> 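Would you mind keeping the following structure in view while I ask a few things?
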Amino acid sequence: MSNKLVLVLNCGSSSLKFAVINANNGDEVISGLAECFNLPDARIKWNVSGKKDAIHLPANSAHSEAITYIVEEIIKKEVGLAEQLIAVGHRIVHGGEHFTQSVIVDKQVLAELKQCSSLAPLHNPAAILGIKAAQEAFSTLPQVVVFDTAFHQTMPEKAFMYALPSHLYKEKGIRRYGMHGTSHLFVSREAAKALNKPLAETNVITAHLGNGGSITAVKGGKSVDTSMGMTPLAGIVMGTRCGDLDPSIIEYLITREDYTLETVMDMLQKQSGLLGISGISSDFRDVANAAAEGHKNANLAIDMFCYRLAKYIAAYTVPLGRVDALIFTGGIGENSDLVREKVLNLLTIFGYQIDEAKNKATKLGKQGIITQENSPIAMVIPTNEEWVIAEDAAALVSA
Ligand code: AMP
């Protein structure tokens with residue numbers, strides 16, 4: 001099978017992750033990160049076949065300078081790959097209701113993407129900058145956009161509607177969209193393979209636990225409910241995001257305390273979650289280390305993280321009826337035996353019995369079942385969102 005190499009770009013507001021992936025098997029030929037955009041310290045680091053390198057970009061560089069450097073200096077000169085690329089795949093956080101699947105970029109798609117920007121004001125404009133810079137750098141290559149929200153477009157109305165006056169949905173598009181779709185799609189597909197069942201007959205609950213996190217009920221390969229909402233703020237406890245919250249707290253803080261809307265939203269997005277509760281860090285490893293040393297609020301942060309997670313998992317038995325497997329993925333899901341053990345112990349009502357040795361051994365990229373033989377199945381599946389993007393891009397280009 002010939003290589004199908006795709007340049008995958010994941011543009012944030014101040015950083016850009018990139019990789020060249022073989023869509024046939026997910027192999028990463030090269031990967032890297034450009035960061036600190038618009039700052040004196042703008043830089044790029046990358047990794048080619050285990051060899052790491054880094055350079056400083058000119059001060060205040062951003063997407064366009066970074067993409068030019070990635071294309072000219074790394075992909076063309078260093079690894080001589082440019083002529084083998086078949087497409088550029090872009091991760092887009094929010095596709096609204098318009099985008100239910102990945103598409104090749106044209107003028108109309110760009111215009112529609114701009115319209116979705118109000119739903120993800122921090123992320124979508126950055127991705128559009130990335131598309132434009134990639135179009136300039138590779139004028140002959142097709143650009144494909146792959147959406148975090150698309151996988152969740154199969155949710156039924158009863159799951160995606162908020163209990164608000166319905167004109168807000170019809171006229172303003174206010175509804176739950178869900179995120180991390182490529183990850184939930186990837187691990188649910190891998191779970192069906194691991195269970196040796198047809199995807200259409202496989203029901204799983206997928207817990208993507210990274211710095212951001214979301215839980216999805218996947219029935220026969222389709223998302224039927226998910227924990228994030230119109231934006232990535234809703235759902236479980238995250239690194240710095242609060243997850244579900246009584247909205248009246250916002251009014252309370254603004255009208256009775258000295259907060260503005262801006263400071264409240266900044267707090268909910270950037271100073272809450274594991275960071276806010278523990279007062280230590282948004283990084284799970286730091287919080288776990290402090291908890292192990294007896295830090296009270298670090299312990300509370302982990303307890304709240306696991307408790308909320310377990311409640312979501314229990315709730316998602318409702319849309320599924322039968323659960324073939326519970327899947328842990330993302331940095332925390334793939335590596336923290338502590339979280340997995342705590343969560344499964346909170347779910348013993350469903351019969352989960354952890355296999356402690358397997359649970360402890362399954363980390364650092366390993367896949368496997370972490371429950372005992374007579375227990376319902378819980379397993380770890382490392383995610384690979386970049387591979388999904390490369391596969392979708394390759395499929396669209398071949399079609
Ligand atoms: P992600 O956003 O998927 O890269 O995940 C980032 C989160 O994974 C951070 O909170 C990390 O602390 C956490 N993480 C990464 N490695 C480990 C590990 N070995 N044990 C526990 N948590 C980890």
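Ligands are counted one by one from 1 in listed order, and the atoms in each one are counted from 1 as well. Not measured: the values here are computed from a predicted model. The analysis underlying the following values was restricted to heavy atoms, covering all of them including side chains, and did not include hydrogens, waters or symmetry mates.
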> Which protein non-hydrogen atom lies closest to atom 13 (C) of ligand 1, naming both residue and atom, and how far is it?
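Nearest protein contact, heavy atoms only, for atom 13 (C) of ligand 1 is I332 CG1, 3.6 Å.
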> What I want to know is whether R285 and ligand 1 share at least one N or O pair that is separated by under 3.5 angstrom.
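N/O-N/O distance below 3.5 Å exists for this pair.
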> Students should be able to answer this: which protein heavy-atom is nearest to atom 10 (O) of ligand 1, and at what distance?
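Here the closest protein heavy atom is F284 N, 2.9 Å.
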> Compute the centroid of each ring, for F147 and then for H94, and state whether the two points are separated by less than 6.0 Å.
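Not under 6.0 Å, so no.
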> Around atom 20 (N) of ligand 1, find the nearest protein heavy atom and jot down its residue, atom name and distance.
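Atom 20 (N) of ligand 1 sits closest to the protein heavy atom N335 CB, 3.6 Å.
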> Please list the nearest protein heavy atom to atom 14 (N) of ligand 1 with its residue and the distance rounded to 0.1 Å.
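Going atom by atom, the protein heavy atom closest to atom 14 (N) of ligand 1 ends up being G331 O, 3.6 Å.
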> Does atom CZ (R256) have a neighbourhood of more than 12 heavy atoms from anything else shown, all under 6.0 Å?
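No, not enclosed.
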> Distance to 0.1 Å, residue and atom name: give those for the protein heavy atom nearest to atom 6 (C) of ligand 1.
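Scanning the protein heavy atoms, the shortest distance from atom 6 (C) of ligand 1 goes to N211 N, 3.7 Å.
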> Establish, yes or no, whether the cationic atom of R175 lies under 6.0 Å from the six-membered ring centre of Y177 and within 45° of the ring axis.
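That pair qualifies as a cation-pi contact.
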> Can you find a protein heavy atom closer to atom 4 (O) of ligand 1 than 4.0 Å?
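Given the 4.0 Å limit, the answer for atom 4 (O) of ligand 1 is no, no protein heavy atom qualifies.
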> Does anything in residues 50-65 form a salt bridge (charged side-chain N to carboxylate O under 4.0 Å, His left out)? List the pairs, not counting sequence neighbours.
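Qualifying pairs: K51-E78.
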> Is there a donor-acceptor pair closer than 3.5 Å between any side-chain N or O of S227 and the backbone N or O of I215?
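Answer holds: yes.
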> What is the closest protein heavy atom to atom 11 (C) of ligand 1, and at what distance does it sit?
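For this ligand atom, the closest protein heavy atom is D283 OD1, 3.6 Å.
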